[in-house]
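Indexing begins at 1, ligand by ligand and atom by atom, following the structure's order. Both backbone and side-chain heavy atoms feed into the values below; hydrogens, waters and symmetry mates do not.
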Amino acid sequence: MKISLYYHGRVVGRLVLLLAVLFGSSAAFAAEQEDGRERLSLNRGWYFHLGDVPMAPIKGHSESYMNAKAGNAPGPAGREFDDSEWRRLDLPHDWAVEGPFDPNENISQGYRPRGISWYRRYLRVEESDRGRYFELQFDAIATHATVWVNGNVVKRNYSGYNASYIDITPYIRYGDAMNTIAVKVDATQMEGWWYEGAGMYRHTWLVKANPVHIVTDGLHATPRLESETLEGGKWSIPVEVTLNNSGENLQTVTVEVTVTAPNGKQVAKQSGNVTVPVLGEAVAKLPVTIQSPALWSHEQTNLYRVNAVVKHGKRVIDEIALSTGFRTVRFDSQQGFFLNDKHVKLQGVCIHQDHAGVGVAVPTSIWQYRLRRLKELGVNAIRFSHNAPAVEVLDLVDSMGFLVMDENRNFNPSPDYMQQLEWMVRRDRHHPGIILWSVFNEEPVQASEVGYQMVRRMVAAVKALDDTRPVTAAMNGGFFSDLNVSHAVDVLGANYQVPDYDRFHAARPEMPFTSSEDTSAFMMRGEFTTDYDKNLIASYDEDFAFWGNSHRDAWQAVATRDYVAGAFVWTGFDYRGEPTPLAWPSVSSFFGIMDLNGFAKTAYYIHRAQWVKDEPQAYLAPHWNWAGKEGQIIPVLVMANVDKVQLLLNGKSLGEQVVDPFQMNTFDVAYQPGKLEVIGYSSGKEVVRNSVETTGKAVAVQLVPDRKALVGDGFDAMPITVQAVDAKGRVVPTDNSLIHFEISGAGQSIGHGNGNPNSHEDEKGATRHLFNGLAQLIVQSHYESSGNITVKASSPGLKTAKVSIPVKKVAAVPYVASQTAPNVHLSDWRTSPVASQRPDPTQKVADNDMNSWGWGQPPFMSQAKGETAPARYRLYRTNFTPRKNLARGDGELFIGDVVGRVEVWLNDELLYKKDNVRKQNLRLPIPKGEGNRELTFLLEDEGQDNAVIGGPVIVQPKGKK
Ligand code: GAL
């Protein structure tokens, strides 16, 4: 996998860093760094607390007063909270998948506890970065999230599927003081009826940029065909670059846009000046035209690079790039879908976003594996149901070649929700793979005026941002009412409703039509007996939801109607939750063409035979291990795309059948062990042959890595197929051995699965049963690793398998280093009025007195500037609770640059008295004990000499420099 997948933009800072490393010129780097953009992974080194953190209710006046003040969020939201005993982990992280299965939890979410949890992280920002723009980016958090930076709420996000971009520039503390990011995740909230995971399950980033910078998703570059026809070949990209200025001066900058063809040639260039107001935005409109570009299609993924550079004079101060493609899309009401004027029947699947072992925290390379599996199956279209996917998935879609329905999650045109929809369109509109926006899935108001009015507004919001693609909504009925949602969209998306297809087409012949969801058939991989009492469903394509169809019928309905643009099978892969038609102990779905690991069910072969046209195919189901059933009839499904098939058992013909390309072919075969073989013929010639064989019992475990090597960036992961083989090396399709894993070296296991929807095994543990012969282990490289990952898989009575996967050294994805809890810089102080008599340092300030004492931070002085004698004394006071590790007698108070006569009081006891004029740093041991400490300084003038505490005042481990 290419590292560039993680980036939207080229990063000037990185390039300069690279040059600096190559040429040993750190000075050049330091000078340039302040200008360029850096996008750093913020995945490492979070502290995690499973469950909410109980907080004592706030009751007192001063507490209430302070709680209401900026930067003073209490408890784990605050800066100084003690998280030293929290679990340390790296993101992405889905805590739900780590949890147990519990019959009292929600069936749709896969019977997994969800709840509320907290994440915290420390962030060090160097003094040298002062003046730059800082943005936190959370690609998605499930489900609702509140984010604090240094005790200030900076974001409340109400969807588990959209990103948050947070300007944290004003809150930053530089140098040793450090910054605290706290995230409260509320996954009691749900947005779906499928497994949604819980936590910070997508990537997180820190962007550092010039004060004048391109806003996130602020490069708008969506190609449009300008000539009447495709042959005319004239295209434009009405490029718009939106800039923001967090600085203190109005800035006029030059923005240069270039377009580079897949062959590396620059094909367009445009530049212009734009003045960006202080704390405001400006848009540079830089349209370009391109003649006869190489077109993008799902078969030929020609991607062009659009690059935007911002210059101040000659200095490059920002740079962003994205990929896009030139193609036309058209939905015709009679003939279906056309890509670049070429008819394409959509062979689509709906998919959710969880995978075996990892829940929704799916590494990009595992997405690449999933999409590759879909490609191999002949899928050309994907509906990301029912939410926008991670951005890296859409990058893969463009480069691997899929046509995508990008779907909004929350159906609501009110401002908060409209922002979610607009975020999706703004982020995604440059992706050539996206052919349709979907504003909803199955909404009960779809048949009504209310539904129509809501959709109309959402469609308008989409069109305002992108009018190059049609908008649909996935309706499961209500098409025929006088006013319904179909009147507000460009393409009617029908979920199921096959009996209404023709009726609708007859009633509204002008309306383009696609299935947006179909099938909903049930099967378990490798299972060929249905027994609802045991939660078993056979893989013969005979069981389906009463609103759905078998895989074969659903495709037949779509394939035989020209006006139906295509199919979107529910679903490409199994997913957790929604174990329809069953319930506990079933915890994941039965709908997939593949299981949760991406292993093929019978449906895979049905669709592959239907969808992959340029390769003769013939497959058999079931397997041929039926010991004890000798002589009994076993139904055999032959799935082929040739003219005729012949079935043979142990070399003896069982007859021939003309292939039915939709319903496929069935044979009833009296079982005898041995070899069941199919021969496929086209035009009278044998073109394909396939077989299933009775195997012996398992004698060895086998590990089959999906790829030859990993890169050692800590992101790259791969599935390893775990199987049991007989003495002849044949996979035993009925084996359910318990496998024990040992992983060592340059990586780790991040989870495993076996595709059994009834399995309650720990997805992260050291063991896993095979299910009908297979399991999958997912390994991921460690950060900055190289060497090998060694995986051992053993099972009692079977020969142990061992594989060694090379891990190649690569440059790390630029990242923010992990930080442990910082030393606490005490910064919120109260200041007594000046006094001419020695005040009592243990005196209390009334709980409701927020005004007679002032507020301040070091430096402290007995006599402030402008005050006149005889004032001689002043008190400074704050409160702190040392973290547990410093409360056991191991902590000290560091007080910097203390001059003159100073007393230090802690909880009404004199801790130290300084009686000389010398300037010195004090290091005072913090006495053992729990809880809050009141710290008071008494500063006294000595004649004309002011007593001073220059600061800082730090709670730190003893002896720390
Ligand atoms: C549809 C729905 C899907 C899934 C499916 C199961 O109604 O859109 O999310 O629930 O049914 O058949």
Side-chain angles (χ1 to χ4, degrees), residues 106-111 142-143 159-161 190-197 348-354 360 381-389 405-411 436-447 451 455 472-479 485-486 489 491-501 514-524 537 541-555 557-558 566-583 586-596 601 603 757:
N106 183 305
I107 176 174
S108 303
Q109 298 279 347
Y111 294 108
T143 301
S159 174
Y161 301 98
M190 290 183 283
E191 293 176 283
W193 48 95
W194 56 89
Y195 175 84
E196 298 183 275
V349 290
C350 300
I351 56 177
H352 282 318
Q353 58 172 354
D354 59 321
V360 292
I382 302 173
R383 174 178 179 221
F384 288 101
S385 43
H386 303 296
N387 51 267
M405 185 192 296
D406 201 4
E407 186 160 272
N408 172 58
R409 171 78 294 270
N410 291 309
F411 179 51
L436 267 177
W437 302 112
S438 164
V439 293
F440 79 53
N441 174 65
E442 298 183 353
E443 289 290 340
V445 292
Q446 64 203 354
V455 166
T472 189
M475 301 176 70
N476 59 341
F479 316 147
V485 161
S486 73
V489 295
V491 176
L492 187 283
N495 283 10
Y496 311 97
Q497 322 307 316
V498 172
D500 280 344
Y501 279 13
T514 185
S515 156
S516 37
E517 193 172 314
D518 50 76
T519 314
S520 274
F522 317 126
M523 50 175 87
M524 275 165 94
I537 306 182
D541 195 28
E542 282 168 352
D543 290 62
F544 48 88
F546 43 81
W547 54 90
N549 297 90
S550 69
H551 286 274
R552 290 165 295 171
D553 285 348
W555 177 245
V558 170
F568 284 94
V569 176
W570 190 266
T571 45
F573 300 96
D574 279 341
Y575 51 95
R576 293 170 184 77
E578 215 179 18
T580 309
L582 299 168
S586 298
V587 294
S588 58
S589 81
F590 294 81
F591 292 117
I593 295 174
M594 289 177 264
D595 71 11
L596 252 179
K601 301 186 192 174

Discussion item. Suppose I only count heavy atoms of Glu442 and a 4.0 Å limit; which atoms of ligand 1 are within that range?
Written reply: 1 (C), 2 (C), 7 (O), 8 (O)
Practice prompt. Can you see which heavy atom on Val558 is nearest to which on Ser515, and at what distance?
Written response: CG2-CB, 4.3 Å
Discussion item. Given Lys601, which partner from the list Asp595, Asp541, Asp574 fulfils the salt bridge (charged side-chain N to carboxylate O under 4.0 Å, His left out) test?
Written reply: Asp574
Response to the item:
Any heavy atom of Trp194 under 4.0 Å from ligand 1? The part involved is neither
Fill in: Nitrogen or oxygen of Ser520 less than 3.5 angstrom from that of ligand 1
yes
Worksheet item: Would you say the side-chain atoms of Glu517 and Asn476 include a donor-acceptor pair closer than 3.5 Å?
Response: no
Worksheet, complete the sentence: Atoms of ligand 1 under 4.0 Å from any heavy atom of Trp547, numbered from 1 in the order shown, are 12 (O)
Worksheet item: Between Glu578 and Tyr195, do the side chains contain an N or O donor and an N or O acceptor separated by less than 3.5 Å?
Response: no
Worksheet item: So is there a nitrogen or oxygen of Asn441 less than 3.5 Å from a nitrogen or oxygen in ligand 1?
Response: yes
Worksheet item: Which atoms of ligand 1 have any heavy atom of Phe591 under 4.0 Å away?
Response: 6 (C), 12 (O)
Worksheet item: Which atoms of ligand 1 have any heavy atom of Asn495 under 4.0 Å away?
Response: 8 (O)
Item to complete: Using distance alone, decide if ligand 1 has a nitrogen or oxygen within less than 3.5 Å of any nitrogen or oxygen in His386.
Response: yes
Response to the item:
The closest protein heavy-atom partner of atom 5 (C) of ligand 1 is Glu517 OE2, 3.3 Å
Worksheet item: So, Ser159 versus Glu191: side-chain donor-acceptor pair below 3.5 Å or not?
Response: yes
Item to complete: Please lay out, stage by stage, how Cys350 and Trp570 fare under the test side chain to side chain contact (heavy atoms under 4.5 Å, CB included).
Response: CA-CA 5 Å; Cys350 300; Trp570 190 266; 3.3 Å; yes
Discussion item. With heavy-atom distances below 4.0 Å as the criterion, list the atoms of ligand 1 near Glu578.
Written reply: 4 (C), 6 (C), 10 (O)
Worksheet item: Any chance the side chains of Asn495 and Asn441 put a donor and an acceptor closer than 3.5 Å?
Response: yes
